Structure formats: C-alpha cells, structure tokens
Amino acid sequence: MGGRQRDLPPLAGRGSVPSPAPDASIAGPANGKSMTIRLPKFSGRVYFSYGQKLNFKVATGGLVQPAVQNPSDPNRNILFNWSEYTLNDAGLWLNSTQVDMVSVPYAVGVKRPDGSVANAGRLKPGGYRGFFDALRAQPGGWGGLVQTRSDGTVLRALAPGHGIEAGGLPAGAMNDYINRVWSKYATSTLTVTPFANQPSVKYYGRVSGNVMNFTNGSGQVVTSFQKPDSDSVFGCYKLLDAPNDQVRGPISRTLCAGYNRSTLLTNPNQPDASSAGFYKDAVTNHYSRAIHERMVDGKAYGFAFDDVGAHESLVHDGNPQQAYVTLDPLD
C-alpha cells in the first residue's frame, strides 16, 4: 500500500473550547485521475470534500468531526463524504456508509492476493439524483431530510435520526409501525436467533405493558426493552441500546434491523434471511429503502445495524494488496 502519506500532527492544546485541528489534508486528484495514499493500521474514517477543505477542531474529548445536522456546523455548506475502515493484522474492512447521511457518491474496493477486486457501494446509473427525488416524493415529510446550498446545489440527505434532530423529519415517523408491533407481540411470541452460526441460541420476546421481555429456552428473562420511539429505532440506540455483549446487544441489533426494514409484523422469526420482504410496509425507513434500491448490488449501510444478515456495503480481505475509494459522478 505504497504512495503518499501525511502523518497526523499531535492534537496538542486541547481545551474545553474547540480550537482548529492541525491540517492533515491531502489535495485530491483532478477529474478522471487517481492517486495513491498510504493508510496506517487503524480504525477510522477517510474524509473527502469538494471545493474547499473541511473544518476539524479539537477539544478535551478529542477530534470534533463534522455534524451537519447542526445548522451552525462550519461544514454545513461544504459538499463532502467519508468512508470507514479498519486495517489490522487480520486484514482490511472497508465500507461505504450512509448511516449518517447520503452525499457525493463513491464506491469502495479491495484487491485480493489473486488479483481479483471486490467492490461495494456503487450506485446504479441515475441513482444519485434518483435517491433525492425519491425522498422528496415520499409522503410523510421525508423530503425534509434533503439539505441544499443557497445556490441550489444538493449537499446531502440526513439520515432519519439526524433529520429528527434537525427538525427535517417528524419525530413520530415510525410510531404507527412501532404501535402495531407492540400490539402483535402482546398476544404472540417474537423469536430471535441472533447468531447465524449458533442456530440453537434463541430468545423469545413478549410484550407486557410498556416492556418487551426476552426469555431464554429455560423461560428466564435475559433482557427487557421499553417501547422505543422513532429516534431509538432509526439510531439503534437509546431505548434500543446494543452493548457489546452476547445477549442484549445481539437481540437489540436484530430488533433494530427488523424495525427499520419493517419485517417484524410479517415474520415472527428474526432476523430475515432474504431481503425480498424488506421495506414493504407503508411505514418504514424510506431513506434506507431508497438507497438500497439504487445500489448495483442492493447493499448499503442505510442504518447502524444494516450488517444484520450481511446487507451492508462492505469489502474485506485478510491479505489486502490494495484498497480503492472511487468518487463517482453526481448523476
């Protein structure tokens, strides 16, 4: 993985008030050209912007990254995006992500030792503009996720949770579906088999009042969830928190996927093995639906746990020879 590298200067002078971060930017290639950079063994993001550099700051908690759901963020009117990766002794995991927003399109790839290249994240022709058109045409306020610059340039669509935070999407966007799920499993059982390689590990969910209790095969309650709100569903957090453990986290991941894909009413055995039944309810995560529909391979990171069932836009190899981030046209 040779090529150009700029070492990140120490993040010195951290204080409670954010201050400008050291400039570690690299000028990108001209249109139609390419360049090679070196990435350290790390888990992080590669940001890229058009027209001007992004503004990063440092504070007591570390690096302050762009958060454009905040209208006062200095990057609000910059066209940019990022890719996420982990590179360690076990290999490379590189993905295109739409968990926070959909903006300038790009694809990721990895070259394997045999010379073949695996790719993910490529939109169909016309998919970029088609995605924004689909949101604007979707009833229920979904067009409010789209952010534009004063000159009319489409900058991005915020993910639904950020859209609620920014006031662009109604806070109750998923409430009707959540209410129907709650009603269904007050009188029937939701079975969760969270590990594909451990089919004998199952948990059973039933609603009692404002709580969904999950029991194991012995009938013992192993974890409970309060009735979530729409933001908890879209963000897979708060009332659907998913700690890094072997019980609550895996159950929560499965619930989150079922809510966002609107499969909990049609299939009491989760997660779903096939994407054929995803996003069929009128109340669903239309942001995630619209981006998946426009991907060449149907895979995207439309919400935090879109990897449940391997529906995410990810490339991986244990011995990567080269990695690619390809910036695609805005069409």
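Computed from heavy atoms alone, side chains included, the values below leave out hydrogens, waters and symmetry copies. This one's a predicted model, so the numbers in the text were calculated from it and none came from an experiment.
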Parallel, tilted or perpendicular, judged at 30° and 60°: which one describes the rings of Trp82 and Phe80?
parallel
Using the ring of each side chain (for Trp, its six-membered ring), is Phe42 parallel, tilted or perpendicular to Tyr85, with breaks at 30° and 60°?
tilted
Which atom names give the shortest non-hydrogen contact between [X] and [Y], and what distance separates them?
| X | Y | result |
| --- | --- | --- |
| Pro20 | Val58 | O-CG2, 4.2 Å |
| Thr189 | Tyr204 | CG2-CB, 3.8 Å |
| Ala186 | Arg206 | O-NH2, 3.5 Å |
| Pro160 | Trp142 | CG-CZ3, 3.7 Å |
| Leu145 | Ala159 | CD2-O, 4.1 Å |
| Leu314 | Ala120 | N-CB, 3.8 Å |

Applying side-chain hydrogen bond (donor to acceptor under 3.5 Å, both in side chains), run through Asp231 and Tyr237 and close with a yes or a no.
CA-CA 8 Å; Asp231 188 36; Tyr237 74 138; 2.6 Å; yes
For the atom pair [atom1] ([X]) and [atom2] ([Y]), what is the distance rounded to the nearest 0.5 Å?
| X | Y | atom1 | atom2 | result |
| --- | --- | --- | --- | --- |
| Asp100 | Arg156 | CG | CZ | 11.5 Å |
| Asn81 | Arg45 | CG | CZ | 10.0 Å |
| Arg261 | Thr266 | CZ | OG1 | 12.0 Å |
| Trp182 | Lys184 | CH2 | NZ | 14.5 Å |
| Phe131 | Lys124 | CZ | NZ | 14.0 Å |
| Phe195 | Gln246 | CZ | CD | 4.5 Å |

Does a side chain donor of either [X] or [Y] reach within less than 3.5 Å of an acceptor in the other side chain?
| X | Y | value |
| --- | --- | --- |
| His316 | Asn95 | no |
| Arg248 | Thr223 | yes |
| Asp229 | Ser232 | yes |
| Tyr47 | Gln65 | yes |
| Ser96 | Ser313 | yes |

Hydrophobic clusters here meaning ILVMFWY residues chained together by side-chain heavy-atom distances under 4.5 Å, can you tell me if Met295 and Leu327 are in one?
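Same hydrophobic cluster.
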Is Phe225 reachable from Met174 through a run of I, L, V, M, F, W or Y residues, each pair having side-chain heavy atoms under 4.5 Å apart?
yes
Flag, side chain of [X] to backbone of [Y], donor-acceptor distance under 3.5 Å:
| X | Y | answer |
| --- | --- | --- |
| Asn260 | Val233 | yes |
| Asn75 | Leu54 | no |
| Asn285 | Ser288 | yes |
| Ser43 | Leu87 | no |
| Ser262 | Val283 | yes |
| Arg149 | Asn77 | yes |

Could you check Thr191 against Tyr203 for side-chain hydrogen bond (donor to acceptor under 3.5 Å, both in side chains), going step by step and ending with a plain yes or no?
CA-CA 6 Å; Thr191 301; Tyr203 300 103; over 6 Å; no
Assess whether a salt bridge exists between [X] and [Y], defined as any Lys/Arg side-chain N lying under 4.0 Å from an Asp/Glu carboxylate O.
| X | Y | value |
| --- | --- | --- |
| Asp133 | Arg129 | no |
| Asp281 | Arg180 | yes |
| Asp23 | Lys57 | no |

Count the heavy atoms of every other residue, nucleotide or ligand shown that sit under 6.0 Å from CG of Asp151, and state whether that count exceeds 12.
yes
Are more than 12 heavy atoms, taken from residues, nucleotides or ligands other than Asn319, located less than 6.0 Å from that residue's CG atom?
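Yes - once you tally the heavy atoms of other residues, nucleotides and ligands closer than 6.0 Å, there are more than 12.
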Would a 4.5 Å heavy-atom cut-off, applied to side chains only, mark [X] and [Y] as touching?
| X | Y | value |
| --- | --- | --- |
| Glu165 | Leu158 | no |
| Pro194 | Thr254 | yes |
| Ser208 | Asn213 | yes |
| Leu63 | Phe56 | yes |
| Tyr324 | Val315 | no |
| Ser103 | Leu79 | yes |
| Phe214 | Ile251 | yes |
| Leu92 | Thr86 | no |

Go through the steps for Val68 and His162 under the test side-chain contact (heavy atoms from CB on, under 4.5 Å), then give the verdict.
CA-CA 9 Å; Val68 290; His162 293 326; over 6 Å; no
In chain order, what residues pass the side-chain hydrogen bond (donor to acceptor under 3.5 Å, both in side chains) check against [X], with sequence neighbours excluded?
| X | value |
| --- | --- |
| Thr263 | Gln270, Asp272 |
| Asn175 | Ser230 |
| Asp317 | Arg112 |

Is the His286 to Tyr279 ring centre distance short of 6.0 Å?
no
Tyr287 and Phe303: aromatic ring centres closer than 6.0 Å?
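Ring-ring flag for Tyr287/Phe303: false, centres at least 6.0 Å apart.
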Walk me through whether Leu264 and Leu190 qualify under side-chain contact (heavy atoms from CB on, under 4.5 Å).
CA-CA 8 Å; Leu264 293 175; Leu190 174 64; 4.3 Å; yes
Show, in sequence, the C-alpha distance, side-chain angles and deciding distance for Leu265 and Val181, and conclude whether the side-chain contact (heavy atoms from CB on, under 4.5 Å) test is met.
CA-CA 6 Å; Leu265 294 177; Val181 168; 3.9 Å; yes
Of Val207, Asn210, Val211, which is the lone residue that meets side-chain contact (heavy atoms from CB on, under 4.5 Å) with Lys227?
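The passing option is Asn210.
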From CA spacing to verdict: side-chain contact (heavy atoms from CB on, under 4.5 Å), Leu123, Val296
CA-CA 5 Å; Leu123 286 165; Val296 168; over 6 Å; no
Determine whether Tyr106 and Phe48 satisfy the following criterion, ring pair (Phe, Tyr, Trp, His ring centres under 6.0 Å), listing intermediate values before the conclusion.
CA-CA 10 Å; Tyr106 69 99; Phe48 47 91; 5.1 Å; yes
Given ring pair (Phe, Tyr, Trp, His ring centres under 6.0 Å), test His311 with Phe278 step by step and report yes or no.
CA-CA 11 Å; His311 298 281; Phe278 292 2; 4.9 Å; yes
